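Below you'll find the structure, written out as structure tokens, and then a few comments.
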Amino acid sequence: MTAQVSLIVPVGPGDGAFAGVLADSDGAEDVLLERLLVGCQPVPDNLALPSDVRWLQGAQGRAVQLNHGASAALGEWLWFVHADSRFSTRALLELERFCQNGPGRLGYFGLRFAEDGPNLMWLNAWAANLRSRWPGLPFGDQGLLLHRDDFRRVGGFRADFGRGEDLEWVVRGKALGLRLTELDAAIITSARRYQQHGWLPTTAKHIGLTLWQTLKACANR
């Protein structure tokens, strides 16, 4: 397979977590055509980027930054990954297999939490993976992947939707006939917010937000 995937990573103000994503994707030139860091500030003066990494500067807001990255991407496939996500070589192999089967599908990875949160985070990961498979609602922290033609058909992420723009986008894609496909590998995401704010209140807050965002996304479909 020739390199044809554009990795798109939105970077928030002062966020340096993307270094892990770059480290995990080093040496993947046979799969990744390019790696795009989409910030809302100039590239840091002390940051030396590899030749296949581009820094794009634009307006702040995850939906805006994701759309900016998609419009500038050169790859046939678009892979949206959060800055604090980590993934393995196996994930890259699964990414390659997914792209060999053609467009018409919306890919996502299983979710795992890093060991920087409470012990009960396994339960949150189980619930997130269940939600992804049934009723088919993966979130942006699961590394959403699709062909650029399908992205054009679905349209960009809605900057006016507020939190949950990734969920609204998935609902819109499913309504247009994109087939959800889980890749046989995991994306690892940080659980530090659960550690900082407490497992129970943070979990309860996320459950409430998910229900509200799902209803809102379906209503706006």
Side-chain angles (χ1 to χ4, degrees), residues 5-10 21 24 62-63 65-67 69-70 77-88 90-99 101-114 117 121-148 150-151 153-158 161-191 193-194 202-203 205-221:
V5 180
S6 292
L7 170 62
I8 301 170
V9 183
V21 174
D24 289 347
R62 188 164 63 186
Q65 289 169 248
L66 291 171
N67 291 337
W77 294 85
L78 308 178
W79 186 26
F80 301 102
V81 176
H82 285 189
D84 62 353
S85 294
R86 303 300 303 268
F87 50 86
S88 64
R90 177 175 175 176
L92 293 169
L93 292 173
E94 289 298 317
L95 178 74
E96 182 177 8
R97 292 191 186 100
F98 177 89
C99 295
N101 291 321
R105 296 164 301 128
L106 176 57
Y108 68 93
F109 291 83
L111 184 68
R112 282 174 45 202
F113 284 97
M121 291 310 300
W122 67 268
L123 183 59
N124 298 68
W126 174 83
N129 290 320
L130 180 64
R131 181 202 67 224
S132 301
R133 296 163 190 155
W134 184 91
L137 295 172
F139 283 8
D141 56 4
Q142 293 174 251
L144 302 176
L145 166 70
L146 81 171
H147 195 275
R148 65 181 307 114
D150 290 325
F151 181 84
R153 188 158 59 94
V154 176
F157 296 87
R158 284 185 52 183
F161 189 81
R163 294 187 63 178
E165 75 287 332
D166 48 358
L167 176 61
E168 188 276 336
W169 185 75
V170 168
V171 169
R172 202 165 3 117
K174 288 176 60 181
L176 289 174
L178 289 185
R179 180 165 55 88
L180 284 179
T181 303
E182 181 178 2
L183 282 73
D184 190 19
I187 289 276
I188 302 171
T189 192
S190 174
R193 291 181 181 175
Y194 291 84
T202 307
T203 298
K205 178 181 178 181
H206 283 190
I207 291 173
L209 282 173
T210 297
L211 291 173
W212 166 244
Q213 291 164 357
T214 302
L215 291 172
K216 183 180 176 184
C218 292
N220 284 271
R221 188 174 59 188

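Model, not experiment: these values are computed from the prediction. Quick note: numbers below take in every heavy atom, side chains included, and nothing from hydrogens, waters or symmetry partners.
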Practice problem: Working to the nearest 0.5 Å, report the span between CG of L66 and CZ of F157. | Solution: 5.0 Å
Quiz item: Without hydrogens or angle criteria, can the side chains of S132 and E182 be said to hold a donor-acceptor pair below 3.5 Å?
Solution: no
Exercise. Mark yes when over 12 heavy atoms from residues, nucleotides or ligands other than R112 sit less than 6.0 Å from its CZ; otherwise mark no.
Key: no
Quiz item: To the nearest 0.5 Å, what is the distance between CG (L209) and NE2 (H206)?
Solution: 6.5 Å
Quiz item: Would you call L178 and R153 a side-chain contact if the rule is heavy atoms closer than 4.5 Å?
Solution: yes
Quiz item: Are any side-chain N or O atoms of D84 and backbone N or O atoms of T189, one a donor and one an acceptor, separated by less than 3.5 Å?
Solution: no
Quiz item: Would you say D141 and I187 make side-chain contact, with heavy atoms under 4.5 Å?
Solution: no
Quiz item: To the nearest 0.5 Å, what is the distance between OG1 (T202) and CD1 (I207)?
Solution: 11.0 Å
Practice problem: Begin from the C-alpha positions of L7 and V21 and carry the test side chain to side chain contact (heavy atoms under 4.5 Å, CB included) through to its verdict. | Solution: CA-CA 10 Å; L7 170 62; V21 174; 3.9 Å; yes
Self-check item: For G102 against W77, the heavy-atom pair lying closest together
Solution: O-CH2, 3.2 Å
Quiz prompt | Closest contact, heavy atoms only, P10 versus R62 | solution = CG-CG, 4.1 Å
Quiz item: Rounded to the nearest 0.5 Å, how far apart are CZ of F161 and CG of L167?
Solution: 6.5 Å
Quiz prompt | Rounded distance (nearest 0.5 Å) linking atom CZ of R158 with atom CD of E165 | solution = 11.0 Å
Exercise. Could you tell me whether the side chain of F139 reaches within less than 4.5 Å of the side chain of V170, counting heavy atoms only?
Key: no
Quiz item: Which heavy-atom pair separates R105 from L146 by the least distance, and what is that distance?
Solution: O-CB, 3.7 Å
Quiz prompt | Non-hydrogen atoms of P138 and L180 that approach each other most closely | solution = CD-CD1, 3.9 Å
Quiz item: Considering all heavy atoms of both residues, which atom of V9 and which atom of H82 are nearest to each other, and what is their separation?
Solution: CG1-C, 4.1 Å
Exercise. Specify the closest pair of heavy atoms between F151 and G156, including all atoms of both residues, with the distance to one decimal.
Key: CZ-CA, 3.7 Å
Self-check item: Check: N129 and Q142 side chains under 4.5 Å, non-hydrogen atoms
Solution: yes
Exercise. Kindly indicate whether the side chain of F109, heavy atoms from C-beta on, has any atom under 4.5 Å from the side chain of V81.
Key: no
Quiz item: From I8 CD1 over to Q65 CD, what is the distance, rounded to the nearest 0.5 angstrom?
Solution: 12.0 Å
Practice problem: Could you tell me whether the side chain of F87 reaches within less than 4.5 Å of the side chain of I188, counting heavy atoms only? | Solution: no
